[in-house]
S.K.: 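One structure, pasted below without further comment.
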Protein chains: 2
Amino acid sequence: MSGKLNATCFGCQVRHSTEWCALNDEELALLDGIKIPKAYEAGTTLFHQGDDCDGIYCMSSGLVGVRRLDAAGNSTLVRLCGPGETIGYRSFLKKSGHRSTAEIMMPSVVCFIRRTTVRTLLEQNPNLGLRFLDHTLKDAEEFEDRHFESVTFTVRSRLLSLLMVLYERFGQLNENGEPVLELPISRQDIAALIGASPETISRSIGAVQDEGLAQFRGRKVLFHNLDAVLQQLPAA
Amino acid sequence: MSGKLNATCFGCQVRHSTEWCALNDEELALLDGIKIPKAYEAGTTLFHQGDDCDGIYCMSSGLVGVRRLDAAGNSTLVRLCGPGETIGYRSFLKKSGHRSTAEIMMPSVVCFIRRTTVRTLLEQNPNLGLRFLDHTLKDAEEFEDRHFESVTFTVRSRLLSLLMVLYERFGQLNENGEPVLELPISRQDIAALIGASPETISRSIGAVQDEGLAQFRGRKVLFHNLDAVLQQLPAA
DNA sequence: GCTCCCGCTTGACGATTATCAAGGCGGCGG
DNA sequence: CCGCCGCCTTGATAATCGTCAAGCGGGAGC
């Protein structure tokens with residue numbers, strides 16, 4: 001299942017959008033020889049909440065969801081990670097255990113980079129550290145924004161907001177030039193991302209549809225008026 | 001109002017808990033000569049949301065609240081900053097404008113450090129950069145936690161959680177050895193911190209009091225049973 | 001002292017959302 | 001083809017929470 005995968009870093013299509021674009025050819029060769037690419041099936045996990053952090057993961061293809069749960073059984077989908085995204089780097093930088101579980105949401109290829117390797121690269125190339133700092137800053141801002149949203153927005157607004165974010169990442173234009181989104185996750189997971197019950201999500205989707213903003217069929221979303229959706233978002 | 005203040009960095013009582021503990025004496029002397037300490041009255045602001053970031057602020061004494069608002073008029077109290085805390089450093093690191101407004105909540109002394117000064121120190125001392133990275137990591141985790149809480153906890157739980165956090169920072173034992181907390185902020189601001197209406201906060205406080213967990217008189221909180229409060233928190 | 005103002009509380013009501021329960025629909029294995 | 005099992009929807013109900021409105025109480029200023 002996890003054979004060679006032809007996955008050299010040099011050929012990695014998403015390398016230039018990752019932290020690793022800070023590396024020169026020599027360093028990249030080191031990383032290439034030592035990283036561990038692997039193919040995962042949907043439903044498996046990269047690591048569990050509470051596990052030690054032995055290194056970081058870099059998505060080559062597919063999609064993983066980062067989940068968080070507490071003792072009371074509450075759970076949330078913290079974020080989605082697609083090709084080019086680094087996973088678990090904050091636990092690595094903090095030298096602490098993982099605060100969440102990384103779950104494969106669709107067949108994916110993910111590279112694992114051992115702690116020691118990352119450390120070596122960081123010592124060699126200070127620019128890599130700056131990239132990680134940038135990433136952490138973005139994370140902090142994103143969580144700040146989401147906290148603000150979850151406290152001030154209604155479920156409907158959060159749903160529309162999420163749809164727009166997903167459209168940026170997964171949206172396309174169909175043969176008629178209309179904006180279309182193939183949802184990468186189930187409605188339960190949409191609920192977990194937004195912080196609402198699946199029932200409320202179902203009803204919210206129905207409402208959005210009734211108003212003619214978009215049409216939902218299974219995981220396909222056809223937007224009738226993208227601007228109208230954007231207008232309804234409480235501007236941050 | 002803003003005279004000399006006798007505020008040298010060497011004498012700063014909170015220096016060892018700030019990022020600046022990474023500096024050696026020589027660097028500290030540089031910082032000391034070039035920083036700008038100033039006393040502020042309650043109600044004034046350090047900077048406004050949208051302002052350019054010309055440098056960072058370091059609290060010497062007092063308390064400032066960081067507020068965020070959107071076009072629709074929603075507002076939130078993002079965080080409280082006490083002595084030793086650095087404010088606005090993320091906007092500095094991101095080289096972007098301020099995302100929030102920093103408002104003086106009680107008479108405070110705050111030092112301003114110009115952008116260029118911070119940059120010089122960062123180039124001189126890489127450890128300072130690591131301190132900032134650590135701080136950013138902590139911020140990210142804190143926002144992640146608060147997002148999780150705001151989505152999964154009820155207002156009552158969030159209130160209890162906030163009370164415990166405030167107790168850690170501002171709590172004391174009174175003459176009878178009982179845990180007491182002098183709230184540093186108004187109930188409106190508690191509401192803004194938690195993401196609830198003032199009325200709901202008032203009622204939640206009443207409920208907590210009725211159950212005998214604590215006694216509220218103005219801004220004084222007397223905890224009858226700290227462990228009972230902790231037990232009621234959904235363990236993260 | 002008095003008044004005004006502001007923060008806090010309280011009550012009544014309504015909107016939003018969660019919860020519980022039932023049923024439909026589609027995929028998948030037999 | 002059938003039946004099972006998730007996922008999704010829908011409905012009914014209740015809890016949570018926000019909003020509107022009124023009143024209370026303390027502090028500042030006159």
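Note that the structure is predicted; figures quoted are calculated from it, not measured. These numbers come from the heavy atoms of this one structure, side chains and all, not from hydrogens, waters or symmetry mates. Chain letters run A, B, ... following the sequence lines, proteins first, then strands; residues in each count from 1.
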S.K.: Could you verify whether a donor N or O on one side chain and an acceptor N or O on the other, from B:T136 and A:T136, lie under 3.5 Å apart?
M.R.: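 B:T136 vs A:T136: no donor-acceptor pair found between side chains.
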
S.K.: CG/A:L63 to CE/A:M106 distance, rounded to the nearest 0.5 angstrom?
M.R.: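 That separation rounds to 5.0 Å.
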
S.K.: Between atom CG in A:L159 and atom P in C:dT16, what is the gap in whole Å?
M.R.: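 Rounding to the nearest Å, CG of A:L159 and P of C:dT16 are 15 Å apart.
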
S.K.: What orientation do B:Y57 and B:F112 show, parallel under 30°, tilted 30 to 60°, or perpendicular over 60°?
M.R.: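 Correct class here is tilted.
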
S.K.: Given that B:S202 and A:A196 both sit by DNA chain C, which one's nearest nucleotide is further toward the 5' end?
M.R.: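 Closest to the 5' end, via its nearest nucleotide, is B:S202.
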
S.K.: Salt-bridged, A:D210 to A:R203, with N to O below 4.0 Å?
M.R.: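 Salt bridge between A:D210 and A:R203, a charged N being under 4.0 Å from a carboxylate O: no.
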
S.K.: Which of these passes side-chain contact (heavy atoms from CB on, under 4.5 Å) with A:L193: A:R158, A:R146, A:R79, A:Q188?
M.R.: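 The side-chain contact (heavy atoms from CB on, under 4.5 Å) with A:L193 is passed solely by A:R146 among A:R158, A:R146, A:R79, A:Q188.
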
S.K.: From CD1 of B:I201 over to C1' of C:dG7, roughly how many Å is that when rounded to an integer?
M.R.: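 After rounding, the gap between these two atoms is 14 Å.
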
S.K.: Taking five pairs at each end of the helix from C:dG1-D:dC30 to C:dG30-D:dC1, what angle separates the two helix axes (nearest 10°)?
M.R.: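 That helix gives 30° between its end axes.
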
S.K.: Distance check needed: C:dT10 P versus B:F216 CZ, whole Å only.
M.R.: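 Computing the B:F216:CZ to C:dT10:P distance gives 13 Å.
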
S.K.: Once rounded to the nearest 0.5 Å, what's the spacing between atom CG of A:L222 and atom CD of A:Q209?
M.R.: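 Rounded to the nearest 0.5 Å, the CG-CD separation comes out at 10.0 Å.
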
S.K.: For nucleotides 19-26 of chain D, which of its nitrogen or oxygen atoms have a protein nitrogen or oxygen under 3.5 Å away, and what is each distance?
M.R.:
residue	atom	partner	partner atom	Å
D:dT19	O4	B:R203	NH2	3.0
D:dC20	N4	B:E199	OE2	3.1

S.K.: In whole angstroms, how far is the P atom of D:dC7 from the CD1 atom of A:I185?
M.R.: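 The distance from CD1 of A:I185 to P of D:dC7 comes to 13 Å, rounded to the nearest Å.
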
S.K.: Rounded to whole angstroms, how far apart are CZ on B:R219 and P on C:dC8?
M.R.: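 Going from CZ in B:R219 over to P in C:dC8 covers 7 Å.
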
S.K.: Write down the distance between CD1 (A:I205) and C1' (D:dT10), rounded to a whole number of angstrom.
M.R.: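 It is 14 Å, rounded to the nearest whole Å.
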
S.K.: Counting side-chain heavy atoms from C-beta on, which of D:dC17, C:dT17, C:dC8 comes nearest to B:R158?
M.R.: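 Shortest atom-to-atom distance from the side chain points to D:dC17.
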
S.K.: Please check if atom CZ in A:R219 has more than 12 non-hydrogen atoms from other residues, nucleotides or ligands closer than 6.0 Å.
M.R.: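 Atom CZ in A:R219 is packed in, count exceeds 12.
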
S.K.: Looking at A:D145 and A:K138, does any basic side-chain N land under 4.0 Å from a carboxylate oxygen?
M.R.: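 Answer for the salt bridge query: no.
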
S.K.: On DNA chain D, nearest-nucleotide positions of A:V151 versus A:Q188: which is more 5'?
M.R.: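 First, find each residue's nearest nucleotide; the 5'-ward one identifies A:Q188.
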
S.K.: Mind calculating the distance between CZ (B:F153) and P (D:dC17) to the nearest angstrom?
M.R.: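 Taking atom P of D:dC17 as the reference, CZ of B:F153 is at 13 Å.
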
S.K.: B:I194 has an atom CD1; how far is it from atom P of D:dG18, in whole Å?
M.R.: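 Rounded to whole Å, this separation is 10 Å.
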
S.K.: Mind checking what makes side chain to side chain contact (heavy atoms under 4.5 Å, CB included) contact with A:D227, not counting sequence neighbours?
M.R.: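 Scan of A:D227 (side chain to side chain contact (heavy atoms under 4.5 Å, CB included), adjacent residues dropped) gives A:N225, A:L230.
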
